*Asks:* 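First the structure, which I've put down as structure tokens, then a few questions once you've had a look.
The structure presented is a predicted model; accordingly, all values stated were derived computationally and were not measured.
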Amino acid sequence: MTDVVGRRLRGADLAASAGISVQQVRNYVDLGVLPPVRRTPSGYRVFTDEHVRALTVARHLAEGHGWTRTREMMAAVHRGDPAAALASLDAGHAELDRERADIRRVLDAFATVLAGPAVAPTRRRDVRIGEVAALIGVRTSQLRVWETRGLLRPTRQPVTGYRVYDEAEVRAAQVVALLRRGSYPFDIVQAVLDELRSTGSPQRVRAELARREQELQRRSLHRLRGSAALYAYLADRGLT
């Protein structure tokens, strides 16, 4: 470990340099976010440039990885366990990879929906399950399965109890049928339907997903910056 002493700082000095409270500084020491501190004979904590450096690294990490994972990584470093810190770091990058893959899969699913055929208009506002099945080319039993999974939400006629589908649910049934024929898993089908129900338009959904993709890229860059800061900190402490 590098012996970084430099200036002797009070907790108030360190707190002021980072724009946080003295109590937060103490909490960071207790949680392992900052290295252990020495105390003067009278019991005052002594902070050094090493703590300034650790706090800077922690803030960079938190911008990309969040404070929960940052606490895990910094505490692992300060107890001399770089493997645990790197495992937590890798888990964070893997989460972004999965999120990016999910967005792409949903975008691909929407491309399938937009390229699919339109449903023939119905003569009545609400139609029964047999008519919906005929319209989209599936069995009524399949529609019931999709309803059980929560993908479809038909209402029931008060007297007869028959299932009836309004225009939105007929469209939802078509989307489910189209995506299942394309072998999309149920979680992607559910995600597509949820987005459609919240925005009402495939084009708006695609725009929203594109916005999320841009946000993901921004988070990825922040995470990369934090990872680079961690690497430099490990190197400074002789842990690479």
*Asks:* Going hydrophobic residue to hydrophobic residue with side-chain gaps under 4.5 angstrom, can you get from Ile188 over to Val176?
*Replies:*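 Yes: a chain of side-chain contacts under 4.5 Å links Ile188 to Val176.
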*Asks:* By side chain to side chain contact (heavy atoms under 4.5 Å, CB included), which residues pair with Val37, not counting sequence neighbours?
*Replies:* Val29, Arg45, Phe47, His51
*Asks:* To the nearest 0.5 Å, what is the distance between CG (Leu14) and CG (Leu9)?
*Replies:*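 Going from the CG atom of Leu14 to the CG atom of Leu9 covers 6.5 Å.
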*Asks:* If hydrophobic clusters are built by linking Ile, Leu, Val, Met, Phe, Trp and Tyr wherever their side-chain heavy atoms come under 4.5 Å apart, do Leu221 and Val57 end up in the same one?
*Replies:*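 No, because Leu221 and Val57 fall into different hydrophobic clusters, even though each may have its own neighbours under 4.5 Å.
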*Asks:* What about the rings of His60 and His65, do their centers lie closer together than 6.0 Å?
*Replies:*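 No, too far apart.
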*Asks:* Where is the tightest heavy-atom contact between Ala232 and Arg53, given as atom of each residue plus distance?
*Replies:* CB-NH2, 3.4 Å
*Asks:* Using side chain to side chain contact (heavy atoms under 4.5 Å, CB included) as the criterion, list what pairs up with Ala191, not counting sequence neighbours.
*Replies:* Val106
*Asks:* Which pairs pass side chain to side chain donor-acceptor pair (under 3.5 Å) with one or both residues in residues 146-157, sequence neighbours excluded?
*Replies:*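 Non-adjacent pairs meeting side chain to side chain donor-acceptor pair (under 3.5 Å): Glu147-Arg163, Gln157-Thr160.
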*Asks:* Quick one: CG on Leu239 to OH on Tyr231, what's the gap to the nearest 0.5 Å?
*Replies:* 11.5 Å
*Asks:* Would you say the side-chain atoms of Gln214 and Arg211 include a donor-acceptor pair closer than 3.5 Å?
*Replies:*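 Checked: Gln214/Arg211 side chains show no N/O donor-acceptor pair below 3.5 Å.
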*Asks:* Does Leu216 have any side chain to side chain contact (heavy atoms under 4.5 Å, CB included) partners at least two apart in sequence or in another chain, and if so, which?
*Replies:*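 With neighbours one apart ignored, the set is Leu96, Glu99, Arg100, Ile103, Arg219.
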*Asks:* Of all the heavy-atom pairs spanning Pro35 and Ala54, show the shortest one and how long it is.
*Replies:*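 Reported closest heavy-atom pair: CD-CB, 3.7 Å.
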*Asks:* Got a second to check how far Arg225's CZ is from Leu230's CG, nearest 0.5 Å?
*Replies:* 14.0 Å
*Asks:* Of all the heavy-atom pairs spanning Val192 and Ala109, show the shortest one and how long it is.
*Replies:*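 Scanning both residues completely, I find the closest heavy atoms to be CG2-CB, 3.7 Å.
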*Asks:* List the atom pairs, donor and acceptor, that lie under 3.5 Å between side-chain atoms in residues 80-91 and the rest of the protein, sequence neighbours left out.
*Replies:*
{"residue": "Asp81", "atom": "OD1", "partner": "Ala84", "partner atom": "N", "Å": "3.3"}
{"residue": "Ser88", "atom": "OG", "partner": "Arg69", "partner atom": "NE", "Å": "3.4"}
{"residue": "Ser88", "atom": "OG", "partner": "Glu72", "partner atom": "OE1", "Å": "3.0"}

*Asks:* Is Ile129 close to Tyr162 at the side-chain level, that is, under 4.5 Å between some pair of heavy atoms?
*Replies:* no
*Asks:* Using the side chain to side chain contact (heavy atoms under 4.5 Å, CB included) rule, take Arg223 and Ser220 through it: C-alpha gap first, then chi angles, then the decisive distance, then the call.
*Replies:* CA-CA 5 Å; Arg223 200 158 290 193; Ser220 185; 5.5 Å; no
*Asks:* Any chance CZ of Arg59 has more than 12 other-residue heavy atoms, nucleotides or ligands included, within less than 6.0 Å?
*Replies:* no
*Asks:* Using 30° and 60° as the class limits, which term best fits the ring planes of Trp67 and Tyr28: parallel, tilted or perpendicular?
*Replies:*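 Parallel, since the angle between the ring planes stays under 30°.
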*Asks:* Side chain to side chain contact (heavy atoms under 4.5 Å, CB included) for Glu169 and Asp166? Distances and angles first, verdict last.
*Replies:* CA-CA 5 Å; Glu169 285 306 300; Asp166 61 15; 3.5 Å; yes
*Asks:* To the nearest 0.5 angstrom, please state how far the CG atom of Leu193 sits from the CZ atom of Arg171.
*Replies:* 10.0 Å
*Asks:* Using the ring of Phe186 (Phe, Tyr or Trp, six-membered ring only), decide whether Arg180 places NZ or CZ under 6.0 Å from its centre and within 45 degrees of its axis.
*Replies:*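 Positive - Arg180 is close enough to the ring of Phe186 and near enough to its axis.
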*Asks:* Assess whether atom CZ of Arg139 is packed by more than 12 heavy atoms of other residues, nucleotides or ligands within 6.0 Å.
*Replies:* no
*Asks:* Restricting to side-chain hydrogen bond (donor to acceptor under 3.5 Å, both in side chains), what partner residues turn up for Asn27, sequence neighbours left out?
*Replies:* Gln23
